[in-house]
Structure formats: C-alpha cells, structure tokens
Protein chains: 2
Amino acid sequence: MKSNKRILLVEDDPNFGRILKDYLTINNYEVSLAVNGIEGFEKFNRSDFDLCILDIMMPFKDGLTLAKEIREVNELIPLIFLTAKNLKDDVLKGYKIGADDYLTKPFDSEILLAKIKSILNRKSNVYNNEQDTFEFEFGDFNFNSKLRILTHKDDESYKLSPKENQLLKMLVLNFDDLLPRDIALNKIWRDSNYFTSRSMDVYIAKLRKYLDKDLTLKIINVHGEGFRLAKE
Amino acid sequence: MKSNKRILLVEDDPNFGRILKDYLTINNYEVSLAVNGIEGFEKFNRSDFDLCILDIMMPFKDGLTLAKEIREVNELIPLIFLTAKNLKDDVLKGYKIGADDYLTKPFDSEILLAKIKSILNRKSNVYNNEQDTFEFEFGDFNFNSKLRILTHKDDESYKLSPKENQLLKMLVLNFDDLLPRDIALNKIWRDSNYFTSRSMDVYIAKLRKYLDKDLTLKIINVHGEGFRLAKE
DNA sequence: AAAATTTCTTAATGAAATGTTAATATCTAT
DNA sequence: ATAGATATTAACATTTCATTAAGAAATTTT
C-alpha cells in the first residue's frame, strides 16, 4: 500500500529527525529530511510536497521564518510545527502564518500520524487553487499579478504593492461576483478584525483610484458582506 | 466588525462552560452552550453552526458519541474536542471520527482562539458558500440574494438591506404559500417577541414598496399567522 | 358596535460599516 | 543608518441599517 504522500521534515536534531523520518517512512510516507531552515527551503523549492513538518527552534533559520518563506511561494500546503516546549508565543505566531497544527515535544508518534492523516484527508485540500493564472484582461486593463503591473490600454502603467496586487487579484478572480470581506482578510491579512478591515478599506480606495481610468469599472460594496468588481 | 460565526459548545462543567462561553462571546463568536450530549445534539439540529467544541468526558452521552451523530448529519462541520487529560485513546478515536483538532485541559484560551480562527478560515477557503440557490425569478423581477440585488424587468434595480434580503428570500422560497411569522422571526431575527414582530412589519412594508413595480405581485397578510407572497 | 388586538406605514434615532485622506509606523534595500 | 516603499492607524465624513415610536387602519373578539 503506497500512500504516495510526500512530507518535508525540517528538524535540526539529527537523532530525533532520523527516528521520526523512519517512523513516517514505515507508515508509507515519503519523507525528505532537512537539518536546518536553509536546506529546508531549498528542498521545498526543488520538489513537490504534500505537507511540511517544521521544527521551530533551529539554528540559522528558524521554523517560523522558513514557514513565512514557504507561504509566500505556496499558500496552501499544510504546515505542522514542532515546538520544544509549550511556547505559547511561537504557537500563536505559527497560527498567524497559517499553520494547520502544532505539536509539543515530546509528543506521541501515533498522534502525529493521526494529525497527518486528518490534515491530508481534509476535503478542503482537494480544492486546488487557481494559482497558475497571473495574467488578466478586464475593462481597459491588462493585469499581470506576477509582475504586479496594472497597465491601461492607452499607456499608463502602475506598479502595485504586494497588498494592492493580492486584493486586485482576488477581485478579478471573482469578477462580477461577491468577494466576501472575511475571505479576503483571512487570505491576505491572515486575520479578520477591526484594524485589518480598515486597512482593507484603504486598499479598496487605492484600487478604485487606479480603476478610475476606466469609468465603466466599479468596485461595489455590499454592505456587511464584501466587495464586487463589476463592469458598467 | 461582525464575525457572526456560530459555535456550539458542549461542556458538562457549568462553571467552565460559562467562562469559556463568555470568553468566546467577547471575541465575537455567537455561542450556544449545551450541558450534555443529548442537549447538544438537539441544539445542533435546531440551528446552524459553523463549528462545534465538544468535551469528551460527559455524563449520559459522551463527546465522541455525540460527534459520531453529528457526523452522520453533517460531514463537514469542524469539530474540536476537549480532553480532560492526554487520553491518547480518545484523541485517536476523535481523529478517526473526523476531528479537526483537540485540546487538552487545561489549555490556554488564546491558543483555542487561534485554532478556531485557523480552522474557520481554512474551511472558508473551500468556499463555505451555501451551495444553495441565490438567484430567483418571480413576476417581473430577478432577485439575487447573494448580491442582495432586486432587479425589475425594465431596468430599475434595488439594493436590499440584509434583513430585507433575508425576508424576501424566505417569502420567495415559500412562494404562494404561507410564511409563518414565527418561523421568519426565529430565523431572521433569532427571536420572536413584540418588538421583532413590529420590526418585521416595517420590513414587509419596505418590500411591498419594491414589489409595487409589478402590480400583479402581492404580499398578503394572513391575520395572526404570517404572510404569503403571491401573484395575480 | 365597542373594545381589543393585530397590522400598516412613515419618520426619527442611534449604531455600525464604509470612504477617503493624511499621519505614523514598519519594512527593505542600499 | 537612511531613504524610499509599503502598511497601518487615525480622523472625520458619509452612508447604510435596524429599531422604535406613533398614529391610522384593518380585523377579530366581546
């Protein structure tokens, strides 16, 4: 029974890493072990994984920093953190980055296994994102979300900031349909509260300014729900 | 900032339950507290929740049994278990049923909050969006309840407020049939009393004004019972 | 038919969400 | 360390929304 699922394990303690890797391998996962954050990031980029298990406390580059880098490249891959003790702060930071779970060392290996299964079986994971498209046409604009450039038909072209870019991309992907506030906040700001919400409003204002170049395009607010990019 | 997410909390210890409920309420969740598995299941069936937090150790019906019943009815709702100690067996059973997470008592409330957030916005990636219909045609109108827009044939279009929207949706879903006052009140206003009833009347008046555009449509009162949206 | 109850409608009020610009704060690359 | 870019927070204006009040009208009960 080949499970086929690939796990990236980043753990600086070689003994513990070895044991954990073997244990997971026995349980039909294909495991790649990296001994620090730098190697971890390289491995991550070199191949496709289904899940990452990251030790937080590591020399050179800690697990949280590594996680941030991974998240920039891949928003969806599940992350599990290992914390040496119950370092609440690390745990909270981890969740903010988009952790799926954390485990406190020492932990029970069967429980880890159960978590992994649970995460990988989640129906939500089946959902594979629209990540590939990065070039869009709408109204009089051409929008390249990879280069973060919004170009107007005539000539003018704007460099978008990362947040402007992400927000515009989500609006465009939901063209003429509602982009719920919560969804955008949780995806872009990774949190949904009064302040992130106000921040989002500021970005909506900025985008509206760009889009003013095409008078038929509008970002319409649906009070209490979200926004909708629409034509005419 | 309305989070509006609804949590079912099932916990037999009344003190702890109360405290936890208050804590979550302060953090903008709407919490319904049940003190045992039986009551928990009833509450679950009586209304819609976004997440359940279940104590495992409970009299009458334990959390795992309750979870199984809930899973039979709803296979997607996120479940978080609370275990008194690190009862490995319970944890493993929990995952088997399809838990999203578990917490060992005593736990840090901030961490619970982080978990809840993480779980809820993970699910919302899948687009929690009710797959139910949100577009309707009746009389001379097109009604999009997702965007809260009511459009008349010859062009005029109205933005509906959330309450107008919900009420109209219920009327349309019961087209030509009685929509009992109590049902609408309990679903939309979450309460049925003199004042909510007055408020509902105000909304009926507002809807009538919109529907005036099509003279064949009427919202008919059934004295003491409710309302009926009908054509002719 | 008078009294009591329920419904109808408009308007006033206050709370909450959004729009927008400007002032800080934070980050990033030299 | 500093400048420039980016992000957040503050501040104030505006809009949207739900509730309540109040008086009239309709319906039911007595």
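The chains referred to below are lettered A, B, ... by the order of the sequence lines, with proteins before strands, and numbering in each begins at 1.
Nearest heavy-atom pair across B:V172 and B:F138 is CG2-CE2, 3.7 Å. Here the closest heavy-atom approach between residue B:S157 and residue B:I149 is recorded as OG-CG2, 3.7 Å. The nearest pair of heavy atoms linking A:L8 to A:G40 is CD2-O, 3.7 Å. Shortest non-hydrogen contact noted between A:T83 and A:Y102 is OG1-CD1, 4.5 Å.
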Residues A:F143, A:L160; criterion side-chain contact (heavy atoms from CB on, under 4.5 Å); working and verdict: CA-CA 10 Å; A:F143 169 41; A:L160 302 183; 3.6 Å; yes

Test side-chain hydrogen bond (donor to acceptor under 3.5 Å, both in side chains) applied to B:S192 and B:D182, step by step: CA-CA 6 Å; B:S192 170; B:D182 268 6; 3.1 Å; yes

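Contacts of residues 181-188 of chain B with DNA chain D (heavy atom under 4.0 Å): none. Contacts between residues 189-214 of chain B and DNA chain D, defined by a heavy-atom separation under 4.0 Å, are made by B:W189, B:F195, B:S199, B:V202, B:Y203. If you check residues 223-232 of chain B against DNA chain C, the residues with a heavy atom closer than 4.0 Å are B:H223, B:G224, B:F227, listed by number.
Identified under the ring pair (Phe, Tyr, Trp, His ring centres under 6.0 Å) test for residues 146-187 of chain A, with sequence neighbours left out: A:F141-A:H152, A:Y158-A:Y210. Listed by first and then second residue, the side-chain hydrogen bond (donor to acceptor under 3.5 Å, both in side chains) pairs involving residues 59-68 of chain A are A:K61-A:E69, A:D62-A:T65 (not counting sequence neighbours).
On the nucleic acid side, DNA chain D contacts chain A at distances under 4.0 Å to non-hydrogen atoms, with the end points of that region at D:dT6 to D:dC17.
If you check the side chains of B:D22 and B:T25, you find no donor sitting under 3.5 Å from an acceptor.
Atom CG of B:D48 is surrounded by 12 or fewer heavy atoms from other residues, nucleotides or ligands within 6.0 Å.
Considering NZ of B:K163 and CD1 of B:I188, their distance stands at 8.0 Å, rounded to 0.5 Å.
Among residues two or more places apart in sequence or in another chain, the ring pair (Phe, Tyr, Trp, His ring centres under 6.0 Å) test is passed with B:F41 by none. For the salt bridge (Lys or Arg N to Asp or Glu O under 4.0 Å) test, residues two or more places apart in sequence or in another chain that qualify with A:K153 are A:D140. Annotation: ring pair (Phe, Tyr, Trp, His ring centres under 6.0 Å) contacts of A:F44 (sequence neighbours excluded): none.
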Show me the side-chain donor-acceptor pairs of residues 222-232 of chain B shorter than 3.5 Å, one per line, residues at least two apart or across chains.
| unit_1 | atom_1 | unit_2 | atom_2 | d |
| --- | --- | --- | --- | --- |
| B:R228 | NE | B:D176 | O | 3.4 |
| B:K231 | NZ | B:T216 | OG1 | 3.1 |

Using a cutoff of under 3.5 Å, can you pull out all pairs of nitrogen or oxygen atoms linking the protein to nucleotides 25-30 of chain C, with atom names and distances?
none

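Terminal axes of the helix from C:dA1-D:dT30 to C:dT30-D:dA1 (five pairs each, C1' rotation axis) are separated by 40°, to the nearest 10°.
Look at B:D13 and B:R18 and you find no salt bridge, because none of the NZ, NE, NH1 or NH2 atoms lies under 4.0 Å from a carboxylate O. Ion pair A:D201/A:R198 flagged as a salt bridge, since at least one NZ, NE, NH1 or NH2 atom sits closer than 4.0 Å to an Asp/Glu carboxylate oxygen.
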